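Quick note on labels: first sequence line is chain A, next is B, and so on, each numbered from 1. Values in this document were obtained by computation on a predicted structure and should not be read as measured data.
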Amino acid sequence: MHIRGTVAGEVEVRSVSTSYGESELAEVPLLLAAEDDGERPPTRTFARDGDGAVSDPTSDYETTTVTLWNKWAESADYLEPGLEVLVTDAKEETYQGETQYATTGDSYVVVEPSFLVNVTAIRNWVQCPRLYYLNKLSGVPLNYPVVKGTLVHEVFGDLLRGRDLEESIDARVDERGLELGLLGETPEAVAEEVRENAKAIEGWLEQGRLTEEDSWRSEQLLISETFGLRGRADAIRRGAPVELKTGKNLKKEPRFKDKVQAACYALLLEEHGGDVDLGTLLYTKNSALDRNEETGDLTPAKEFTMGDGLLKFVVRQRNELAAMEISGDVPTGYEGSAKCEYCFEQDTCMVVSGRLDQESKAGQIATPLPEEEREYFYRFYQAIEEERREVHREYAKLWEQDAQERADDDRALIDLKFVEKRPLEGGRWELRARRTSSANSKIREGDFVLASDGHPVRGNSELATIERLDDEVVLTADEPVEVTRLDVYPSELTTDRLLVAMHDALLKGDERRKDILFGRATAEFDEISETFIDNNAAQNEAVTKAVGARDCALIHGPPGTGKTYTIARAIRAMVERGERVLLSAFTNRAVDNALEALLEQLEDGVGSQTQRSGDGKAVSVVRVGSESGIREDMEPYRLERAGDPEDRVAELQNAQVVAATTATCGSRVMKEQAFDVALVDEAAQLTEPGTCAAINLAERFVLVGDHEQLPPVVRAENDLTESLFERLIDCHPEAGVMLDRQYRMNQRIQAFASQEFYDGELRPAEPEVAGRTLDDLAGVSTDALPPELQDPVAFVDVEGDGGQYTDSEEAARIADLIATYERAGLERSEIGVIAPFRAQVSEIASHVPDDVTVDTVDRFQGSSQEVIIVSFTATGSLEGPIFEDYRRINVALTRPKRALVLVGDPAALASDPVYERMLEWART
DNA sequence: TCTCTGCCGAGAGGA
């Protein structure tokens with residue numbers, strides 16, 4: 001039976017004499033819960049909250065002792081109270097009348113099984129725990145061996161799927177044009193080298209075909225809920241893992257870390273019903289010239305038998321890694337037996353140790369960072385790792401939640417009916433399924449998802465790209481899966497990049513930059529006499545500061561104040577001065593909006609320049625990002641990654657303006673780029689490390705945003721919730737400018753937000769704005785509206801149905817209001833409805849016509865409408881965290897141009913002072 | 001059950 005529980009106290013380790021000799025044992029007090037539903041293997045579980053504390057240790061729970069024998073006793077060192085432990089194939093014993101458990105010869109002990117560890121992470125960890133840590137901190141830089149290795153793997157996969165070798169090489173090399181260009185490689189030379197490696201693979205494949213019909217499967221993503229492992233095996237041949245290595249290995253035996261990697265895949269396969277005792281490592285750089293002296297063997301393949309001992313060793317290593325990650329400790333390198341003098345990362349290791357004043361086996365060089373910087377590092381390291389644990393929790397939900405729960409959570413589409421699988425050129429597959437309901441989910445076109453025939457972890461599943469998602473789902477994948485279900489596949493990519501950005505800012509960052517970030521120096525500016533914007537003093541000052549900033553400028557742009565225009569004008573001025581500019585923001589949408597404004601601005605700019613100097617040179621602009629993320633009309637500016645390396649790299653390198661999300665700024669390709677200025681829009685929605693990803697690439701930076709609107713989205717409550725923008729606005733008032741003229745709202749609409757959030761400083765830019773009403777719109781007459789809707793701000797009293805997250809009475813009333821506006825001549829597309837909860841958004845959407853935009857506050861940020869109707873969805877009181885953040889109400893109230901209607905229960909709203917003031921304002 | 005976007009996925013190698 002499997003035993004699962006939390007460590008409930010101190011672990012006792014001792015030696016005992018047995019009939020087999022001296023044995024180690026560890027006695028672990030464990031808190032168990034009742035048997036679960038029996039769907040899974042007989043496992044005893046317990047309930048625990050996020051901090052590892054048992055949430056309700058009542059009579060449902062029982063404490064017992066699990067004895068871990070011999071090697072498993074080693075794990076006792078890090079079995080802190082609160083850690084979760086799973087013991088497979090345990091035996092039950094009775095001791096002094098109490099039931100206890102112990103490991104058997106077949107047992108595995110898994111620490112924190114819900115913490116999914118990557119196979120490659122274990123490989124690094126086995127090599128040296130500190131190497132694992134360093135890789136995490138600084139990422140893998142762009143270098144040729146890595147790119148070549150990736151290429152050979154891709155070609156290998158293609159060969160297994162039956163693709164022609166030359167066709168595969170051509171296509172794969174072409175796809176990596178940009179990277180190869182940055183590395184200064186020619187396609188011919190790379191293709192030749194890949195061909196060399198591929199020959200070794202082909203030769204070996206031929207051998208296999210001569211002997212018997214092999215059964216192959218390429219690149220399968222495997223997840224183990226028992227061992228807490230995930231990884232993607234290069235190939236599986238007759239049920240056993242095959243790992244490809246493009247490095248050289250002339251020894252008889254495979255390298256140990258490679259064996260470890262194969263052993264991880266064996267464990268994964270075992271959970272999926274396999275019985276693996278053989279692993280193959282394919283060293284493709286080994287050629288006929290490297291004939292094995294002993295055996296005379298020409299093959300690059302090295303087979304080895306996978307003993308029980310190796311598999312258990314691997315699990316213990318995984319445990320050690322998981323325990324360290326949970327505790328937040330920093331590895332020193334003493335945990336392993338690697339020799340520092342052979343290590344490629346020795347220098348990096350010593351510098352990191354020195355700068356962060358960490359203990360390390362390699363020793364320290366360089367002087368430590370100032371204490372406040374080290375404190376910052378550890379604070380943000382913790383915060384980012386907390387985010388990572390939240391991502392891990394998302395993975396765990398793949399098996400902890402049942403299908404319906406995941407669908408209700410919008411994380412899965414479970415209603416699919418498989419239609420067909422069709423082979424594509426190049427050996428990949430197109431999969432089609434029909435949707436049988438209109439259930440919504442966060443899955444969208446272009447996403448990477450787990451496509452399965454029933455269960456994302458236990459069933460047959462494959463990573464797939466969503467090509468189309470309407471009544472039918474069209475996917476592409478490496479292998480054919482009879483898909484009936486799609487699950488969101490969580491990714492650690494963002495957290496990885498945050499960590500690297502923070503590391504780079506502190507350890508590679510320029511001293512002056514850090515003085516600014518830590519408030520140790522005052523921001524300086526060049527004198528600029530040019531006038532950039534005639535009729536708006538604040539905007540002109542903002543552009544002047546942005547252009548003249550030697551360190552940074554901070555532009556505070558409340559709703560409707562033309563920050564996008566200001567950004568565009570500033571970039572144009574920078575470009576005209578010959579500077580190279582990075583334009584970034586957190587979301588693709590924000591990047592595209594800013595880019596659109598810039599393109600308009602540049603058209604004007606080039607025109608006027610032509611008039612002035614006769615030099616009408618076009619400015620080259622490039623948008624970096626994935627096809628699915630970039631808005632269609634910006635597609636012509638998208639940097640294509642595939643193609644001739646020289647051309648690709650020239651396009652990027654010569655671009656005067658590069659636009660990309662902050663996440664993309666952390667990519668290997670973007671990290672190779674350098675800019676004079678980084679301009680970050682919607683900076684108040686970015687975490688500090690997120691902002692660093694962009695500003696790390698530039699000499700100076702300009703942040704544009706509004707910290708009175710919504711903060712960054714983070715999973716865990718921690719230091720990431722405050723933006724760098726907000727912090728710098730406080731500590732560098734000399735660098736800040738607030739845009740104080742708004743071009744959006746009627747004066748009456750703007751009054752409350754201005755008073756409440758902007759100290760009354762926000763004003764209409766022009767009389768036309770202040771006095772705008774629905775009457776300005778063609779065919780609309782305010783007189784046709786009932787008296788209560790004739791004022792630009794109206795309150796509609798609806799008592800509500802008392803529902804927690806929905807209110808059908810409000811929804812019905814809103815449908816009436818929309819009909820009323822329509823009768824007065826408004827187009828449906830001119831009306832927007834905002835609700836706090838997604839459930840209420842769906843409720844309202846089911847009451848109103850399709851062409852009325854209904855969405856949550858969060859998703860309305862950044863856009864505006866002629867008429868906005870707000871559904872408060874609260875009866876009696878304003879309970880719930882969503883109402884606590886007043887920035888959300890600021891966003892909702894500042895979306896309309898000409899009319900705002902608040903719908904809700906006055907009694908509920910009056911229960912909070914801010915909402916009460918809002919009520920007064922709306923009713924007068 | 002509060003709100004939620006990114007990312008070409010993971011992994012590719014060097015003695």
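- Rounding to whole angstrom units, CG of residue A:Leu116 and P of B:dA10 are separated by 11 Å.
- Phosphate proximity of B:dA10 to A:Tyr489: present, with a side-chain N or O under 4.0 Å from OP1 or OP2.
- Rounding to whole angstrom units, CZ of residue A:Arg859 and P of B:dG6 are separated by 11 Å.
- Using a 4.0 Å heavy-atom distance criterion, A:Tyr395 is classed as a sugar-phosphate-only contact.
- Residue contacts shown for A:Arg176 are absent, as no nucleic acid heavy atom lies under 4.0 Å away.
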- Bracket string, DNA chain B, 5' to 3' - pairs by Watson-Crick or G-U geometry under 3.5 Å, | interstrand: ...............
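- Separating the CG atom of A:Leu183 from the C1' atom of B:dG14 is a distance of 14 Å, rounded to the nearest angstrom.
- A:His392 pairs by the side-chain hydrogen bond (donor to acceptor under 3.5 Å, both in side chains) definition with A:Glu492, not counting sequence neighbours.
- In this structure, the CG atom of A:Asp478 is 13 Å from the P atom of B:dA10, given to the nearest Å.
- Here B:dG13 presents its P atom at 10 Å from OH of A:Tyr283, a figure rounded to the nearest Å.
- Among the atoms of the strands shown, only primed sugar atoms or phosphate atoms (P, OP1, OP2) are found under 4.0 Å from some heavy atom of A:Thr856.
- Atom P of nucleotide B:dT3 and atom CD of A:Gln861 are separated by 16 Å, given to the nearest angstrom.
- Residue A:Gln685 places no side-chain N or O under 4.0 Å from the OP1 or OP2 atom of B:dT3.
- If you check every strand for non-hydrogen atoms under 4.0 Å, A:Pro711 touches nothing.
- Closest-nucleotide positions on DNA chain B for A:Thr120 and A:Arg497 were compared, and the one nearer the 5' end corresponds to A:Arg497.
- Atom C1' of B:dA12 sits at a distance of 14 Å from the matching atom of B:dC8, rounded to the whole Å.
- Taking atom CD of A:Glu390 as the reference point, atom C1' of B:dT5 lies 16 Å away to the nearest angstrom.
- Across all strands shown, A:Gln261 has heavy atoms under 4.0 Å from sugar-phosphate atoms exclusively, and none from any base.
- As rounded to whole Å, 10 Å separates atom P of B:dG14 from atom CG of A:Asp258.
- Straight-line distance between the P atoms of B:dC2 and B:dG6: roughly 23 Å, to the nearest whole Å.
- Between the side chain of A:Asp487 and the backbone N or O of A:Pro456 there is no donor-acceptor pair closer than 3.5 Å.
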